[in-house]
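Quick caveat, the model's predicted, so the values are computed rather than measured.
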Amino acid sequence: QLKHIATIDKIRQNYLLYLTIQSLYKISISANNIYKTKTSYVQKQCTEMRISMYKRKLIFKYIFISSIFTTLLLCVVTYTGYIKRNFPENIYITEQSNTTFNLSVPVTGSVYNSSVNRAGNELSADFNQEVTFISGEPANYNMDLKLFGLIFLKTVHVNVVNEQQVYPCGFQAGLYLKSNGILVVKTDSIDSVYYGAVNPCADILTKGDYILSVNNEKINSKKDFSDIIAYSEGTSLNLEIMRNGYISNVSVTPVLASDNMYKLGLWIKDDAQGIGTLTYIDQSYHFGALGHGITDNSTGKVMDISGGKIYNTHIISIVKGQDGTPGELQGIIDYKNSQPIGTISKNSDYGIYGTIDASVCQRHNLQLMNVGYRYMTHKGRAYIRFYRNNKYEDYDIEITSLGNSNSKNISFKVTSDKLIDMTNGIVQGMSGCPIIQDGRLIGAVTHVLIDDSKSGYGIYVENMLNVSE
C-alpha cells in the first residue's frame with residue numbers, strides 16, 4: 001500500500017512538472033510572438049519614419065530650391081527695373097564729338113541706324129566697360145539693350161544733334177493761366193427751398209473735372225457758367241466734361257436755394273496766377289519756365305489750360321527759408337494795367353512754355369549759351385543763376401547725385417554764402433532758375449527740401465526742350 005501511494009505521488013509530481021514545462025513553453029511561445037509583433041511594429045515605425053524623413057527632406061529641398069529661384073528671379077526683375085529706369089528713352093549727343101559713358105552695368109547695346117538696313121550696319125557696346133560714342137553728322141539711331149546679353153530691356157533712341165544755344169534767364173515774371181473750361185474744385189450741399197440740404201452734383205461731378213460746355217455752348221469763364229445756372233429756372237443742363245483726359249456728357253439740375261437763387265453747389269475756378277522764374281529763351285523767342293507744371297492746389301493735378309500770359313513783376317522782398325518752412329519771393333504784378341510781355345501756350349509736368357517779346361533779352365542783357373545734355377552733366381561744382389536788383393548772378397552749388405527720373409534728375413546743395421545770406425538756400429518762386437555747369441545750361445531748379453532749405457532738386461534742360469518742341 002505504501003508502495004502504491006509513493007507511485008501515485010511520483011505520477012503527481014511528474015504531472016505537475018509536465019504542466020509547469022507546458023506553461024513555460026506557452027509563455028515562451030507567447031513572449032516570442034510578442035517580441036515578433038513588437039519587432040514588426042518597431043520595424044514598421046522605423047520604415048515610416050525613414051519615409052517621412054525622406055519626404056520632409058524632399059519638401060525642404062524643394063522649398064530651399066524654390067526660395068533660391070524666387071530670390072534670383074526677384075533680383076533679376078528688380079535689377080532689370082533699375083537698369084530700365086537708369087537708361088533714358090532718349091540720349092542726345094552733339095555732332096562731331098566724343099561722349100563717354102562709364103556705367104559699369106552688365107548690359108550690352110546694339111546700335112543701328114533705323115533708316116537703313118540693319119544687317120551689316122550694327123555696332124555693339126558693352127556698358128560693363130567704358131564706352132565712347134564718336135559722333136558725326138546729325139542723325140537718329142536706335143540702341144537695343146540686353147541684360148547679360150540675353151534679356152531684352154528696352155530700345156533707346158540715340159540722337160546726334162546740332163550744337164544748340166539758348167539764352168539762360170533766371171529772372172522772375174508774373175504768370176496768368178486760363179483753364180481749358182471750368183475746373184471743379186469741390187461739390188457741396190446747398191440749403192434748398194423745397195428739399196432741405198441737398199447736393200445736386202453728388203456722384204455726377206467730382207473734384208478735378210473740367211466743364212467744357214453747357215447745352216452745347218462753350219464756357220469760357222466762371223461768370224458765364226454762374227449766369228447760366230442762375231437763369232436756368234431749374235431745368236436740366238447737359239454738361240460736356242473732361243475727366244482724366246476723357247470727354248463725356250452728364251446732366252445736372254440746378255436747385256432753388258434758400259436765397260431764391262438757382263445753384264448747383266459747385267466750387268469752381270477758371271484761372272491761376274503767381275510768380276515764376278524763366279529758365280531759357282531760344283533763338284526763336286520761345287521760352288521754357290519753372291521746370292514743373294502749375295498745379296491746382298485742391299486737386300494736386302497739372303492744370304489743363306487754354307492759354308495764358310506773362311507779365312513783368314517786381315520782387316519787393318524775400319522771405320528766407322527755414323528747415324521745415326520754405327521761404328518765398330514776394331512781388332507785385334499788375335495784371336490789369338500792364339501789357340503782357342509774352343503768351344503761355346502749354347502747361348506740362350516739365351514746365352510752362354510759350355513765346356516772349358524779343359526786347360526782353362535785350363532788357364535783361366541775356367547772352368547765348370550752349371545747352372548741356374544729361375551725359376555732359378556730372379557731380380561736383382555748378383551754379384544757379386538768379387536775377388536780382390536788375391542784374392543776374394551765378395551762385396555756387398554742389399551737385400550731389402544724378403538720376404533719370406521724370407523730374408528730380410539733379411540733387412544739389414547750395415554752397416554760396418552770398419545766396420545763403422540772401423535766401424537761406426532755395427525759396428518758392430525760384431523754380432526755373434537755370435543750373436549751369438562747365439559753361440553750359442544743364443537744367444533748372446524745381447524743388448526745395450522742406451527739412452533742408454539749402455538742398456533741392458533740378459530737372460535736365462533736355463527734358464524741358466523735348467516738351468517745347
Side-chain angles (χ1 to χ4, degrees), residues 85 88-90 169 172-187 205-212 219-222 240-248 266-280 286-311 326 328-329 333 335 342-356 403-410 426 428-433 443-450 456-469:
R85 289 191 301 273
E89 298 296 327
N90 291 280
C169 299
Q172 288 69 49
L175 310 175
Y176 178 82
L177 292 84
K178 194 73 174 175
S179 64
N180 181 26
I182 309 300
L183 175 62
V184 177
V185 175
K186 180 182 178 183
T187 63
L205 295 175
T206 188
K207 180 172 65 175
D209 288 347
Y210 287 88
I211 302 172
L212 306 178
I219 297 298
N220 296 312
S221 69
K222 292 187 297 182
E240 182 184 48
I241 67 169
M242 182 170 64
R243 179 179 297 170
N244 298 324
Y246 296 95
I247 295 177
S248 61
L266 290 177
W267 295 73
I268 56 176
K269 65 184 299 184
D270 61 2
D271 60 11
Q273 54 272 326
I275 294 174
T277 300
L278 269 67
T279 304
Y280 67 84
H286 295 93
F287 72 84
L290 298 186
H292 60 72
I294 294 180
T295 60
D296 175 65
N297 292 333
S298 60
T299 64
K301 296 180 180 179
V302 174
M303 283 186 62
D304 185 32
I305 67 168
S306 61
K309 298 182 183 299
I310 60 175
Y311 296 83
E328 64 176 342
L329 302 179
I333 311 164
Y335 292 112
T343 59
I344 300 171
S345 58
K346 184 183 294 185
N347 180 33
S348 77
D349 290 330
Y350 298 102
I352 62 171
Y353 303 89
T355 57
I356 197 165
N404 287 304
S405 62
N406 290 333
S407 59
K408 296 180 180 179
N409 309 132
I410 303 170
I426 305 299
Q428 294 178 349
M430 289 179 66
S431 291
C433 282
V445 174
T446 58
H447 300 82
V448 59
L449 270 67
I450 299 298
Y457 295 106
I459 183 176
Y460 292 128
V461 74
E462 71 178 54
N463 289 343
M464 297 181 68
L465 290 167
N466 286 342
V467 176
S468 67
E469 293 176 354

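- Put simply, CD1 on Ile305 and CG on Asn347 are 5.0 Å apart, with the number rounded to the nearest 0.5 Å.
- Of all non-hydrogen atoms in Ser306 and Ser179, the two that sit nearest each other are OG-O, 3.5 Å.
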Full working for side-chain contact (heavy atoms from CB on, under 4.5 Å) between Leu290 and Leu175:
CA-CA 11 Å; Leu290 298 186; Leu175 310 175; 4.1 Å; yes

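- Residues that satisfy the ring pair (Phe, Tyr, Trp, His ring centres under 6.0 Å) test with His286, not counting sequence neighbours, are absent from this structure.
- One distance of note links CG of Leu266 with NZ of Lys222; it measures 12.5 Å at 0.5 Å rounding.
- Contact between Ser348 and Tyr353 at its shortest, heavy atoms only, is OG-CE1, 3.6 Å.
- Salt-bridge formation is detected for the pair Asp270/Lys178: a Lys NZ or Arg NE/NH1/NH2 atom is positioned less than 4.0 Å from an Asp or Glu carboxylate oxygen.
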Go through Tyr350 and Val461 one step at a time and tell me if the side-chain contact (heavy atoms from CB on, under 4.5 Å) criterion holds.
CA-CA 9 Å; Tyr350 298 102; Val461 74; over 6 Å; no

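- The aromatic rings of His292 and His447 sit tilted, their planes meeting at an angle between 30° and 60°.
- When every heavy atom of Ile294 is checked against every heavy atom of Ala272, the shortest pair comes out as CG2-CB, 4.5 Å.
- Residues Tyr457 and Leu449 form a side-chain contact, since some pair of their non-hydrogen atoms from C-beta on lies under 4.5 Å apart.
- Contact detail for Ile344 and Tyr176: the closest heavy-atom pair is CD1-O, 3.9 Å.
- Between Pro326 and Ile450, the closest side-chain pair of non-hydrogen atoms falls below 4.5 Å.
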Applying side-chain contact (heavy atoms from CB on, under 4.5 Å) to Thr343 and Ile310, what does each step give before you reach the verdict?
CA-CA 6 Å; Thr343 59; Ile310 60 175; over 6 Å; no

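- Contact between Asn180 and Tyr210 at its shortest, heavy atoms only, is O-CD2, 3.4 Å.
- Partner Asp296 forms a side-chain hydrogen bond (donor to acceptor under 3.5 Å, both in side chains) with one of Lys207, Lys269, Lys301 and no other, that one being Lys269.
- Of all heavy-atom pairs spanning Ser345 and Gly354, the tightest one is OG-CA, 3.7 Å.
- With sequence neighbours left out, Thr206 forms a side-chain hydrogen bond (donor to acceptor under 3.5 Å, both in side chains) with no residue at all.
- In this structure, CG on Asp349 lies 12.0 Å from CE on Met464, to the nearest 0.5 angstrom.
- Note that the OG atom of Ser221 and the CD1 atom of Ile182 stand 6.0 Å from one another [nearest 0.5 Å].
- Note that CD1 of Ile459 is 11.0 Å distant from OG of Ser431, once rounded to the nearest 0.5 Å.
- Using modelled atom types and a 3.5 Å distance limit, the side chains of Asn466 and Asn90 yield no donor-acceptor pair.
- Here the CH2-OG1 distance, from Trp267 to Thr187, works out to 12.0 Å after rounding to the nearest 0.5 Å.
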Residues Val448, Met430; criterion side-chain contact (heavy atoms from CB on, under 4.5 Å); working and verdict
CA-CA 9 Å; Val448 59; Met430 289 179 66; over 6 Å; no

